[in-house]
Amino acid sequence: MLDPKLLRTEFDEVAKHIGRRGLSLDKKRFSELEEQRKNLQVETEDLQGQRNKNSKLIGQAKSKGEDASEILAAMEKINQSLKTNETKLEVLLSEIQTWMLELPNLPDSSVPDGSTEDDNQEVRKWGEIPSFDFEVKDHVDLGESLGGLDFETAAKITGSRFVTMQGGIAKLHRALIQFMIDTHTAEHGYEEVYVPYIVNAQSLTGTGQLPKFEEDLFKLNHENDYYLIPTAEVPVTNIWRDRIAKEEELPIKYVCHTPCFRSEAGSYGKDTRGMIRQHQFEKVEMVQLVKPESSWHMLEELVNHAEKILQKLNLAYRVVALCTGDLGFSSAKTYDIEVWLPAQNTYREISSCSNFLDFQARRLKARWKNTATKKTEHLHTLNGSGLAIGRTLVAVLENYQDKDGTIKIPEVLKPYMHGLDKITKEK
RNA sequence: GGAGAGGUGGCAGAGUGGUCGAAUGCGGUGGUCUUGAAAACCAUUGACUCGUAAGGGUCCGGGGGUUCGAAUCCCUCCCUCUCCGCCA
């Protein structure tokens, strides 16, 4: 959520920044609502003040045994207007609140303008694009012929956009998770956390998935408003909802592996083949809650942490800065990391690292006590995939394939593979 | 699933239908004392919100109700704990 004060005092400036996302703000409507709100609020609070005073007077009078009927008569009037005022104010506040919750974050000035992913800006490249002296197979062909990936069986068990894995590939998949968590905890200073995979609507509102993007989520048929998590970001960031951090606790850096569930509504034609776009996938997520002054620096670090995984796996990648049109709802700036996929002969997104500034923190009421100012202030939140496991598996399969369709195990994963250094056909 | 108990400030823990944003203790902060520290003593210490300010308003698990007035009474939901059952 944007700072309401900023909206009140610098509306045009806010509108200009939001305009870069291709949205226009209705200034007239907002100032009307605000005007009404202000008057109504002042009036209501004044009435409440009168009520409080009179109630005390009544109490005093009664304890002395005096007659209070005059004050009681006055109270009747006050309470009548108070009731109508309070009702009006409540309606107005919820209208303003709804409007505020659907406003996206302001893009940082360093975010390139643009409308589609074609306008994203390449920041850097790393690694050698591998060359093969045979015709490369994609991960579907490789996985299916090795007997380790099975989309049909998953479709039978559930439906489309799911997969089952077996044997060496299943082990490799799990190895990737362990390797990433170990790297981030041992080398990058993250604390490992475990969280629920089902969350309530409040948590999703906190990180910004609700109220606008409900169709992207799997909602449970349960009496409470429960949803499957679309990313670990939701439960992990919400650890700090309604909490105030001490300064010495900062920065807070969590790493967490969870499955992610996405309905992928509106992407029916896209990436229907293979593991690129599934309803269920694993992800290792890095989440940070930091002092405002450090968040831009921390974003750069966060990207580096994600990159480190690809470097250790020796997978070629590039980092791009998302343009205003591609930027997520809650994000002020996002870097995507795209890994090289030989079979597609292109880079594909494997990580997304964002600085949300205080946008999520304001929704979450995630705050810290600033010892210098002695004030309670909003934290800044960041997160990034480190990395998406399914897509990393795809990248390893395709980049580490041999002519005979077997897969070499990357050096850094060998400790996790219990002696296996090559994936061959399952029996 | 059955039976019971309870949710109060950073924590622990009082609380009455009225002057209670709330005793007390711990913790935190500042100070006195001390070479320094501890102890002791004194003071101070919740969050949110409107307002330039003065000064208001809101918050005792969430929501609703009764009342002139609710932390206190009623309803409802959520959560926690104990016992039983079941289970991983």
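What's counted below: heavy atoms across the whole structure, side chains too, no hydrogens, waters or symmetry copies. Chain naming here is simple, since letters A, B, ... match the order of the sequence lines and numbering starts at 1 in each.
Comparing B:A40 with B:C33, their C1' atoms are spaced 9 Å from each other, to the whole Å. Between the P atoms of B:G21 and B:U58, the separation comes to 10 Å (whole Å). Taking the P atoms as reference points, B:A22 lies 13 Å from B:U44, given to the whole Å. Rounded to a whole angstrom, the distance from the C1' atom of B:U80 to that of B:A88 is 22 Å. B:G10 and B:U29 are spaced 13 Å apart, taking the C1' atom of each and rounding to whole Å. Annotation: B:U66 and B:C74 have their P atoms spaced 15 Å apart (nearest Å). Spacing of P atoms, B:G61 relative to B:A23, comes out at 16 Å, to the nearest Å. Of the C1' atoms belonging to B:C59 and B:U72, the separation is 16 Å, rounded to the nearest Å.
Residue A:E90 places its CD atom among 12 or fewer non-hydrogen atoms of other residues, nucleotides or ligands, all under 6.0 Å distant. Within 6.0 Å of NZ in A:K291 there are more than 12 heavy atoms belonging to other residues, nucleotides or ligands.
B:G18 and B:C68 make up a base pair, with Watson-Crick or G-U wobble contacts both under 3.5 Å. Across all strands shown, B:G4 pairs with B:C81; the Watson-Crick or G-U wobble distances both stay below 3.5 Å. Taking a pair to require two hydrogen-bonding distances under 3.5 Å in either a Watson-Crick or a G-U wobble arrangement, B:A23 remains unpaired. Under the Watson-Crick and G-U wobble criteria, each requiring two contacts below 3.5 Å, nucleotide B:A40 is paired to B:U32. Pairing of B:A88, defined by two Watson-Crick or G-U wobble distances under 3.5 Å, is not identified with any nucleotide.
Rounded to whole Å, atom C1' of B:U67 lies 11 Å from atom NZ of A:K83. The distance between atom CG of A:D242 and atom C1' of B:G10, rounded to the nearest whole Å, is 15 Å. Here B:U58 presents its P atom at 14 Å from CG of A:L93, a figure rounded to the nearest Å. Note: CD (A:E86) to P (B:G64) measures 11 Å, nearest angstrom. Remark: P of B:U67 and CD of A:Q80 are 14 Å apart, rounded to the nearest angstrom. Taking atom CD on A:E249 and atom C1' on B:G28, their separation rounds to 14 Å, with Å as the unit. Separating the NZ atom of A:K246 from the C1' atom of B:G46 is a distance of 14 Å, rounded to the nearest angstrom. Between A:N54 atom CG and B:A70 atom P the separation is 13 Å, expressed in whole Å.
Side chains of A:K308 and A:T183: no donor on one and acceptor on the other come within 3.5 Å.
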For this session: Applying ring-ring contact (aromatic ring centres under 6.0 Å, His included), run through A:Y197 and A:F261 and close with a yes or a no.
Result: CA-CA 9 Å; A:Y197 301 158; A:F261 302 95; 7.4 Å; no

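Of the possible donor and acceptor atoms, none in the side chain of A:K283 sits under 3.5 Å from a partner among the backbone N and O of A:T258. A:T164 places a side-chain N or O within 3.5 Å of a backbone atom of A:D150 that can act as its donor or acceptor partner.
Annotation for A:N120 and A:C323: closest pair OD1-N, 2.8 Å, computed over non-hydrogen atoms. Of all non-hydrogen atoms in A:D3 and A:R362, the two that sit nearest each other are N-NH1, 3.2 Å.
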Exercise. Taking protein heavy atoms under 4.0 Å as touching, what does nucleotides 47-57 of chain B look like 5' to 3' if B marks base contact, S marks sugar-phosphate-only contact and - marks none?
Worked result: SSSSS----BS

